[in-house]
Colleague: 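Below is one structure. I have some questions about it.
This structure is a prediction, so every number in the text was calculated from the model and none was measured.
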Amino acid sequence: MLKKIDSNQMGSSNLGWLRSKFHFSFAEYYNPDNIQFGVLRVINDDLINPQTGFGTHPHRDMEIISYAVNGELTHGDSMGNKNTITRGHVQYMSAGTGVLHSEHNLGVDTLRLLQIWILPDQYGYTPNYGDYRFNWDDRKNKWLHMVSGVGGDAPIQIHQDANIYSLELEQGKEIGFPVKEGRQAYLVQIEGTSTINGIELNDRDGMEIVEEDITIQSENTSHILIIEMKKTDQ
């Protein structure tokens, strides 16, 4: 099963300093038929103006992954961590029993990031933070496995049976991705245009994939992210 999520039909918000597309219900956007997709609770596609950002605020019992698309993302938290990532890099935080953190754009250019929240496999983990600076070329025309569950193969490991991959597919190239029985995946067309099993996706579109292998054909250079996970009823 494939379902295209058109970016023009997503929830959205414009606070001036922050402009967001909400793939799932978030903040003032509420759709009872679009709360989550499996254990994936949030994907926010955010544009943050320079010298602004999210002030210190709390989280708990959520696995949070921030993927920088363009610009600089600076994280600070109550565990004493402070770090900045740029294009193609990842910050991750297991909020567990509770943590305070902030996210700012201290650079000179607009920051674009994907904020991804995944429900943990149980509550009450000890909070944890990390970041990883992936080599951009490691995703050129191949899947870069960035995130896995604990004990998996990826350098970032979270408390859930889920995997996150990124890809830059050059114009005219083709690549497959298997979504096996009992599994589902959510795809974000971050940049560019591609055709997936005959369905065209443009910048910021999404796609739900359930137990169906896909073939991606890039109509121009495409930047894509996939969250693959166990299938649930949600």
Colleague: Would you kindly say whether Ser222 and Glu191 are connected by a side-chain donor-acceptor distance under 3.5 Å?
Modeller: no
Colleague: Going by the rule side-chain contact (heavy atoms from CB on, under 4.5 Å), which residues pair with Ala95 if we only count those two or more places apart in sequence or in a different chain?
Modeller: His59, Val99
Colleague: Evaluate the side-chain proximity of Ile48 to Trp17: yes if any heavy-atom separation is below 4.5 Å, no if none is.
Modeller: yes
Colleague: Are His75 and Tyr129 an aromatic pair, judged by ring center distance below 6.0 Å?
Modeller: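 Distance test on ring centres: under 6.0 Å, yes.
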Colleague: Please examine the side chains of Arg183 and Asn163, heavy atoms only from C-beta on, and report whether any two atoms are closer than 4.5 Å.
Modeller: yes
Colleague: Residues two or more places apart in sequence or in another chain: which of them pass side-chain contact (heavy atoms from CB on, under 4.5 Å) with Asp153?
Modeller: His145
Colleague: I'd like to know whether Tyr186 forms a side chain to side chain contact (heavy atoms under 4.5 Å, CB included) with His23, so could you lay out the CA-CA distance, the side-chain angles of the two residues, the decisive distance to 0.1 Å, and finally the verdict.
Modeller: CA-CA 10 Å; Tyr186 194 91; His23 286 251; 2.7 Å; yes
Colleague: Any donor-acceptor pair under 3.5 Å linking the side-chain atoms of Glu212 with those of Asn197?
Modeller: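 Yes, side-chain donor-acceptor contact under 3.5 Å.
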Colleague: If we ignore hydrogens and angles and just use 3.5 Å, is the side chain of Gln171 paired with the main-chain N or O of Thr221 as donor and acceptor?
Modeller: no
Colleague: Side chains of Arg112 and Asn70: any donor to acceptor distance under 3.5 Å?
Modeller: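 No, no side-chain donor-acceptor pair sits under 3.5 Å.
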Colleague: Assess the residue pair Asn141 and Glu170 against the criterion (side-chain hydrogen bond (donor to acceptor under 3.5 Å, both in side chains)); give the C-alpha distance rounded to whole Å, side-chain angles, the decisive distance to 0.1 Å, and a yes or no.
Modeller: CA-CA 7 Å; Asn141 300 314; Glu170 295 175 338; 3.2 Å; yes
Colleague: Any side-chain donor-acceptor pair under 3.5 Å between Asp205 and Gln189?
Modeller: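 No, no side-chain donor-acceptor pair sits under 3.5 Å.
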Colleague: Go through the structure and list residues passing side chain to side chain donor-acceptor pair (under 3.5 Å) with Asp109, not counting sequence neighbours.
Modeller: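 Applying side chain to side chain donor-acceptor pair (under 3.5 Å) to Asp109 gives none.
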Colleague: Is the shortest heavy-atom distance from the side chain of Tyr29 to the side chain of Asn44 under 4.5 Å?
Modeller: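 Tyr29 does not reach Asn44 side chain to side chain.
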Colleague: Can you give the donor-acceptor pairs under 3.5 Å from side chains of residues 113-123 to other protein atoms, not counting sequence neighbours?
Modeller:
from, atom 1, to, atom 2, distance (Å)
Gln115, NE2, Asp46, OD2, 2.7
Asp121, OD1, Tyr125, OH, 2.6

Colleague: Kindly indicate whether the side chain of Val42, heavy atoms from C-beta on, has any atom under 4.5 Å from the side chain of Phe24.
Modeller: no
Colleague: Does a donor on one side chain sit under 3.5 Å from an acceptor on the other, for Glu63 and Gln160?
Modeller: no
Colleague: Decide whether Thr195 and Glu219 meet the rule of one side-chain donor and one side-chain acceptor closer than 3.5 Å.
Modeller: yes
Colleague: Write down the atom of Thr84, the atom of Arg133, and the distance for their closest heavy-atom approach.
Modeller: O-NH2, 2.7 Å
Colleague: My understanding is that only residues two or more places apart in sequence, or in another chain, count here; which of them pass side chain to side chain donor-acceptor pair (under 3.5 Å) with Trp136?
Modeller: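 Counting only residues at least two positions away or on another chain, Trp136 forms a side chain to side chain donor-acceptor pair (under 3.5 Å) with Glu168.
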Colleague: Under the side-chain contact (heavy atoms from CB on, under 4.5 Å) test, which residues partner Lys82, sequence neighbours left out?
Modeller: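 If we apply the side-chain contact (heavy atoms from CB on, under 4.5 Å) test to Lys82, skipping adjacent residues, the hits are Thr74.
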Colleague: Mind checking whether Lys231 and Glu211 have side chains closer than 4.5 Å, heavy atoms only?
Modeller: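 A side-chain contact under 4.5 Å exists here.
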Colleague: Give the intermediate values and the outcome of side chain to side chain contact (heavy atoms under 4.5 Å, CB included) for residues Val90 and Ile156.
Modeller: CA-CA 9 Å; Val90 174; Ile156 298 171; 3.5 Å; yes
Colleague: Other residues, nucleotides and ligands only: do more than 12 of their heavy atoms fall within 6.0 Å of NZ on Lys173?
Modeller: no
Colleague: Mind checking what makes side-chain contact (heavy atoms from CB on, under 4.5 Å) contact with Lys142, not counting sequence neighbours?
Modeller: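 Applying side-chain contact (heavy atoms from CB on, under 4.5 Å) to Lys142 gives none.
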Colleague: Taking only residues two or more places apart in sequence or in another chain, which ones pass ring-ring contact (aromatic ring centres under 6.0 Å, His included) with Tyr132?
Modeller: Phe134
Colleague: Would you indicate whether the side-chain heavy atoms of His159 and Ser94 approach each other to under 4.5 Å?
Modeller: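 Yes. Closest side-chain heavy atoms under 4.5 Å.
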Colleague: Just so I know, are the side chains of His101 and Phe54 near enough to count as touching, which here means a heavy-atom distance under 4.5 Å?
Modeller: no
Colleague: Is a side-chain N or O of Asn105 found less than 3.5 angstrom from the main chain of Asn49, in a donor-acceptor match?
Modeller: yes
Colleague: Taking ring-ring contact (aromatic ring centres under 6.0 Å, His included) as the test, write out the residues that go with Tyr67, two or more places apart.
Modeller: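 ring-ring contact (aromatic ring centres under 6.0 Å, His included) list for Tyr67, sorted by chain: His223.
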Colleague: Side-chain contact, heavy-atom cut-off 4.5 Å: Glu72 with Leu111?
Modeller: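 Of all side-chain heavy-atom pairs linking Leu111 with Glu72, none is under 4.5 Å.
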Colleague: In the hydrophobic cluster built from side-chain contacts under 4.5 Å, what are the other members alongside Trp143?
Modeller: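 Its cluster mates, by chain and number, are Leu2, Tyr165, Leu167, Leu169, Ile175, Phe177, Val179, Leu187, Ile196, Ile199, Leu201, Met207, Ile209, Ile214, Ile216, Ile224, Ile226.
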Colleague: List, by chain and then residue number, the residues other than Leu47 in its hydrophobic cluster (Ile/Leu/Val/Met/Phe/Trp/Tyr, side-chain heavy atoms under 4.5 Å); write none if there are no others.
Modeller: none
Colleague: Between the side chain of Gln36 and the main-chain N/O of Gly38, is any donor-acceptor distance below 3.5 Å?
Modeller: yes
Colleague: Using side chain to side chain donor-acceptor pair (under 3.5 Å) as the criterion, list what pairs up with Ser13, not counting sequence neighbours.
Modeller: Glu28
